Student: 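Quick one: the structure is below, questions incoming.
Atom set for the values below is all heavy atoms of this structure, side chains included, hydrogens, waters and symmetry mates excluded. Fair warning: this is a prediction, and the values are worked out from it, not measured in the lab. Throughout, numbering of the chain's residues begins at 1 and tracks the sequence.
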Amino acid sequence: MINLAHNLNLEVVAEGVETLRQQEQLRDFGCDQVQGYWISPPLPLAELARFLGIGERSAHRGQPLGN
């Protein structure tokens with residue numbers, strides 16, 4: 001599915017990622033982005049703004065996919 005999406009010039013976002021292992025497999029498969037509890041649980045708007053605005057990502061277990 002990831003290759004099909006890329007052949008159609010689409011970006012792939014995997015939902016429901018809950019573990020480092022899942023994130024690593026998706027990176028190995030060429031997935032562009034992930035979302036799920038591994039990155040962050042759902043947040044109220046004010047907490048989301050803090051999470052995005054001051055780099056609180058480092059306080060969470062999630063890591064960018066990067067290549």
Student: Identify the two heavy atoms, one from Val12 and one from Asp32, that lie closest to each other, and give their separation to 0.1 Å.
Tutor: N-OD2, 2.7 Å

Student: Measuring from atom CZ of Phe51 to atom CD1 of Ile39, what distance do you get when rounded to the nearest 0.5 angstrom?
Tutor: 7.0 Å

Student: What distance separates Cys31 SG from Gln25 CD, expressed to the nearest 0.5 Å?
Tutor: 11.5 Å

Student: Leu20 and Val34: same hydrophobic cluster, using ILVMFWY side-chain contacts below 4.5 Å?
Tutor: yes

Student: Out of curiosity, Gln23 CD to Thr19 OG1, how far, rounded to the nearest 0.5 Å?
Tutor: 8.5 Å

Student: How long is the span from the CD atom in Glu47 to the CG atom in Leu52, to the nearest 0.5 Å?
Tutor: 12.0 Å

Student: Going by side-chain hydrogen bond (donor to acceptor under 3.5 Å, both in side chains), name the residues that satisfy it together with Glu11, two or more places apart in sequence or in a different chain.
Tutor: Gln33

Student: Checking one residue: Leu4. Which other hydrophobic residues are in its cluster under the side-chain 4.5 Å linking rule?
Tutor: Met1, Leu8, Leu10

Student: Stepwise, does the side chain to side chain contact (heavy atoms under 4.5 Å, CB included) test hold for Val17 with Gln35?
Tutor: CA-CA 6 Å; Val17 177; Gln35 68 181 42; over 6 Å; no

